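Worksheet for the structure shown next.
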Amino acid sequence: MDVSLQFDQSPYVTNSLRGLVMEGLLGAALTGLMVLLFLRDWRSAAIVILNIPFALLSAVILLWLTGQSINIMTLGGLALAVGVLVDEATVEIENIHTQMAPGVSRARAVVEACSRTAMARLLSMFCILAVFVPSFFMVGVARQLFVPLSLAVGFSMIASYLLSSSLVPVFSTWMMRERSRGEEHGRLRSFYDRYLPAVLRFRWPLALVYLASAAGLIYLLAPRMGTEIFPDANAPLYRMRLRAPAGTRLEENERIVLHALDIIQRDAGKNNIQITSDFLGLIPSSYPVDLIHLFTSGPQDAIVQISFQPDAPRGEPLRERLRASLQHELPGTEVSFEAGDIVTQVMSFGSPTPVEVDVQGVNLQDDYAYAQKVRASLAKLDFLRDLKFAQEMNYPTLDINIDRNRSGQFGLTMADVVRSIVPATSSSRFTDPNYWRDPNSGNAFQIQVELPQNQMQSVEQVGDVPLMLGGNPKPLLDDIASLKTNTMPGEIDRYNGQRVIGITANLHEITLGEAAVKIGQAVSAAGAPPRGVSVVTRGEIPPLEQTISGLRTGLLLAVAVIFLLLSANFQSVRLALAIVLTVPAVICGVLLMLRVTGTTLNIQSFMGA
């Protein structure tokens with residue numbers, strides 16, 4: 001027997017840890033290279049590099065003390081802090097070099113440098129922390145995401161400041177040379193001395209041109225930036241839901257799923273797939289577990305999971321090929337890709353797809369009638385894929401209308417009729433529970449009565465069921481009842497007591513933010529809902545809107561807090577305003593780089609900016 005773990009999403013976390021280590025090593029190497037290049041002193045570079053692991057370890061300890069765990073957001077915060085926390089040590093080291101004139105001891109130069117930069121570094125740290133303070137006033141998903149990130153960055157920055165004020169001076173006193181090499185970059189400084197007066201001569205025209213250019217770029221680029229919660233992780237795990245026509249028997253659905261697996265292996269490449277796993281039909285009532293993550297509404301539903309090789313080609317092109325092949329070779333079967341990786345599953349908040357439009361109200365018929373209008377309107381959007389109703393509304397049934405007068409003439413009560421129909425069409429398992437105890441083992445076994453399913457293949461065979469009053473073969477069900485086929489909802493969902501009809505869909509070659517606007521317009525185009533019926537958008541769209549709103553508010557609050565800090569420190573509103581006016585240039589640079597690299601505005605890019 002070979003036991004192996006195939007569907008494992010823990011590599012996402014281990015890869016994040018590996019990415020943090022690589023980010024730290026890369027940041028340390030680049031920072032050390034820059035210090036070595038400008039200061040020409042390998043000892044100074046080593047001191048700056050040593051500050052990184054101590055600051056990160058201190059931040060991890062503080063995160064543990066505050067009850068945080070190592071997750072995607074705290075790892076992202078630590079990775080983000082790597083590039084910022086070295087600033088404290090770099091500024092300290094550079095100033096120490098500046099103070100080291102001939103005849104000045106190392107200890108004296110270190111003390112002088114620390115006293116000169118302590119307040120400036122403290123203000124710089126407060127300005128960085130001010131950016132993350134608004135996250136504590138957010139609500140909902142934005143707060144859950146950004147508070148751990150803010151704590152990670154904040155603890156790293158505080159540790160960096162304390163270390164640059166204690167550990168760096170000690171290392172500098174021990175390791176750095178007694179004398180400075182003198183003026184190292186005289187040409188660069190002389191060029192700056194000539195360049196600065198020329199710029200200041202035209203300061204007002206340059207300021208106006210700068211502000212107008214920045215405002216114009218932001219106006220042009222910001223509306224065209226796609227927004228989403230997280231970028232597509234392109235995880236090597238697919239999850240598909242196959243839905244055969246309503247009422248399809250389990251045996252027939254099994255043949256459909258096996259055919260679908262052959263199509264998947266053919267289109268994706270057999271060597272590119274590690275393993276496939278499928279579950280079809282309903283969860284047996286004898287299972288004492290709640291497999292909500294494998295929810296199916298009937299024997300016509302099947303869930304297929306596909307684990308790809310790490311280097312296998314995948315993504316939206318493969319999903320499009322699979323959709324086309326499955327719909328062509330399995331007509332009548334609905335295909336839908338659902339959240340497979342852990343990030344998408346969490347951010348969907350229980351919805352199977354990124355887009356879910358729910359029509360809810362008291363009357364199920366009114367809900368379904370209006371939901372059909374909404375679905376027809378959404379079907380006009382060419383970027384939606386796998387558009388379907390989440391619930392099966394036309395599950396085939398057999399209506400048995402019993403004539404009480406007729407049954408009374410045969411001396412039958414309703415209980416007698418039902419007692420004969422239930423074992424014939426289902427089982428006596430739940431209506432007449434009966435247990436037998438094995439005297440040898442002591443185990444109890446449930447005894448149930450049911451007719452073989454191969455004897456119940458048509459309406460006529462159901463009508464031939466004997467009601468067996470007193471053990472007689474007559475009367476039959478046909479003698480006292482009329483039978484006809486009908487349909488009914490196969491699944492009824494409720495939200496806060498109201499019945500819900502869900503419409504789910506995936507997105508193709510469009511960002512979630514752009515799709516949300518067009519989906520809202522399509523829902524409005526369906527017309528006003530009937531009285532008592534409401535439309536609610538779920539899936540990833542509500543958390544996206546909530547997160548983007550929180551980020552915008554947080555950005556404005558951060559700028560305001562930084563402005564107040566600078567004003568209080570410099571005792572000058574004009575100096576604080578001059579520094580804060582660099583923010584539009586930063587925003588323009590971020591938008592330009594995101595546009596050039598084809599990156600969306602998401603949580604990761606926003607926190608990096």
Side-chain angles (χ1 to χ4, degrees), residues 6-7 232 234-282 293-309 312-341 344-345 348 351-356 375 378-395 490-491 502-510 515 539:
Q6 297 292 340
F7 293 98
D232 185 11
N234 198 21
L237 180 64
Y238 279 5
R239 180 185 175 102
M240 300 171 57
R241 182 178 294 272
L242 303 177
R243 176 171 292 176
T248 302
R249 290 181 59 85
L250 196 63
E251 299 85 353
E252 180 61 27
N253 196 18
E254 183 181 11
R255 287 190 286 269
I256 293 174
V257 172
L258 291 175
H259 190 186
L261 292 175
D262 292 337
I263 296 173
I264 293 170
Q265 289 190 350
R266 183 194 66 200
D267 288 2
K270 189 173 182 179
N271 295 330
N272 293 327
I273 297 177
Q274 286 185 344
I275 191 173
T276 59
S277 174
D278 58 88
F279 180 89
L280 60 153
L282 291 172
H293 57 282
L294 286 176
F295 179 77
T296 52
S297 61
Q300 72 275 3
D301 272 10
I303 296 177
V304 179
Q305 291 194 132
I306 311 159
S307 178
F308 290 93
Q309 299 288 351
R314 52 189 185 273
E316 189 62 22
L318 176 59
R319 284 192 285 266
E320 283 289 279
R321 290 202 307 270
L322 291 176
R323 287 188 184 104
S325 299
L326 292 170
Q327 291 172 0
H328 174 70
E329 300 187 32
L330 297 173
T333 300
E334 294 180 345
V335 180
S336 177
F337 285 89
E338 299 184 352
D341 60 283
T344 311
Q345 289 175 346
S348 293
S351 298
T353 55
V355 177
E356 181 177 355
R375 187 186 186 282
L378 292 174
K380 300 176 183 177
L381 302 177
D382 57 358
F383 58 82
L384 290 182
R385 296 291 188 271
D386 311 331
L387 183 64
K388 66 181 182 67
F389 287 114
Q391 297 82 14
E392 178 56 59
M393 298 302 296
N394 295 301
Y395 196 85
E491 173 186 345
I503 304 172
T504 60
N506 284 304
L507 302 178
H508 174 67
E509 294 184 348
I510 190 173

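Just so it is clear, the model here is predicted, and its values are computed rather than measured. For reference, positions follow the sequence shown, starting with 1.
- Pairing each heavy atom of Glu392 with each of Ala246, the nearest pair is CD-CB, 3.5 Å.
- Here the side chains of Ile503 and Phe389 are in contact, with some heavy-atom distance below 4.5 Å.
- In this structure the side chain of Arg241 reaches within 4.5 angstrom of the side chain of Thr296, judged on heavy atoms.
- Residues Arg243 and Ser297 meet the side-chain proximity criterion, which asks for heavy atoms closer than 4.5 Å.
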- Task: Go through the steps for Phe308 and Leu237 under the test side chain to side chain contact (heavy atoms under 4.5 Å, CB included), then give the verdict.
- Result: CA-CA 6 Å; Phe308 290 93; Leu237 180 64; over 6 Å; no
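- Between Leu387 and Arg375, some side-chain heavy-atom pair lies under the 4.5 Å cut-off.
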- Task: Would you sort out whether Leu280 and Leu250 count as a side chain to side chain contact (heavy atoms under 4.5 Å, CB included), showing the intermediate values?
- Result: CA-CA 8 Å; Leu280 60 153; Leu250 196 63; 4.1 Å; yes
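- When all heavy atoms are compared, the tightest approach of Arg239 to Ile303 is NH2-CD1, 3.6 Å.
- When all heavy atoms of His328 and Pro331 are compared, the pair lying nearest together is O-CD, 3.9 Å.
- Judged by distance alone, the side chain of Glu509 and the main-chain N or O of Phe383 form no donor-acceptor pair under 3.5 Å.
- Using a distance-only test at 3.5 Å, with no hydrogens or angles considered, no donor-acceptor pair links the side chain of Tyr238 to the main chain of Ala339.
- Rounded to the nearest 0.5 Å, atoms CG (Leu507) and CG (Leu381) are 10.0 Å apart.
- Side-chain contact between Leu242 and Val335 is present, with at least one heavy-atom pair separated by less than 4.5 Å.
- Two residues are said to be in side-chain contact when any heavy atoms from C-beta on lie closer than 4.5 Å; Gln300 and Tyr395 meet this criterion.
- Using a 4.5 Å heavy-atom threshold, the side chains of Ile264 and Met240 count as touching.
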- Could you go step by step and tell me if Lys270 and Gln265 meet the side chain to side chain contact (heavy atoms under 4.5 Å, CB included) rule? CA-CA 5 Å; Lys270 189 173 182 179; Gln265 289 190 350; 4.2 Å; yes
- Message: For Glu316 and Arg385: C-alpha separation, side-chain torsions, deciding distance, then whether salt bridge (charged side-chain N to carboxylate O under 4.0 Å, His left out) applies.
- Response: CA-CA 11 Å; Glu316 189 62 22; Arg385 296 291 188 271; 5.4 Å; no
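- Between the CD atom in Glu491 and the CG atom in Asp301 there is a gap of 8.0 Å [rounded to 0.5 Å].
- For Asn506 (side chain) and Phe337 (main-chain N/O), a donor-acceptor pair under 3.5 Å exists by modelled atom type.
- Counting all heavy atoms, side chain and backbone alike, Phe279 lies closest to Gly281 at CE2-O, 3.5 Å.
- A side-chain donor-acceptor contact under 3.5 Å links Asn253 to the backbone of Pro299.
- Between the side chain of Ser351 and the backbone N or O of Thr353, no donor-acceptor pair lies under 3.5 Å.
- In this structure the side chain of Pro313 never reaches within 4.5 angstrom of the side chain of Leu318, judged on heavy atoms.
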- Item | Derivation and outcome, side chain to side chain contact (heavy atoms under 4.5 Å, CB included), residues Asp278 and Thr276 | CA-CA 7 Å; Asp278 58 88; Thr276 59; 5.5 Å; no
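- Across Leu384 and Ala505, no two heavy atoms sit closer than the pair CD2-CB, 4.1 Å.
- Evaluated for a side-chain contact (heavy atoms from CB on, under 4.5 Å) with His259, the options Ile263, Ile256, Leu261, Val257 yield exactly one hit, Ile263.
- Nearest approach of Ser336 to Lys388, heavy atoms of both residues: CB-CE, 3.5 Å.
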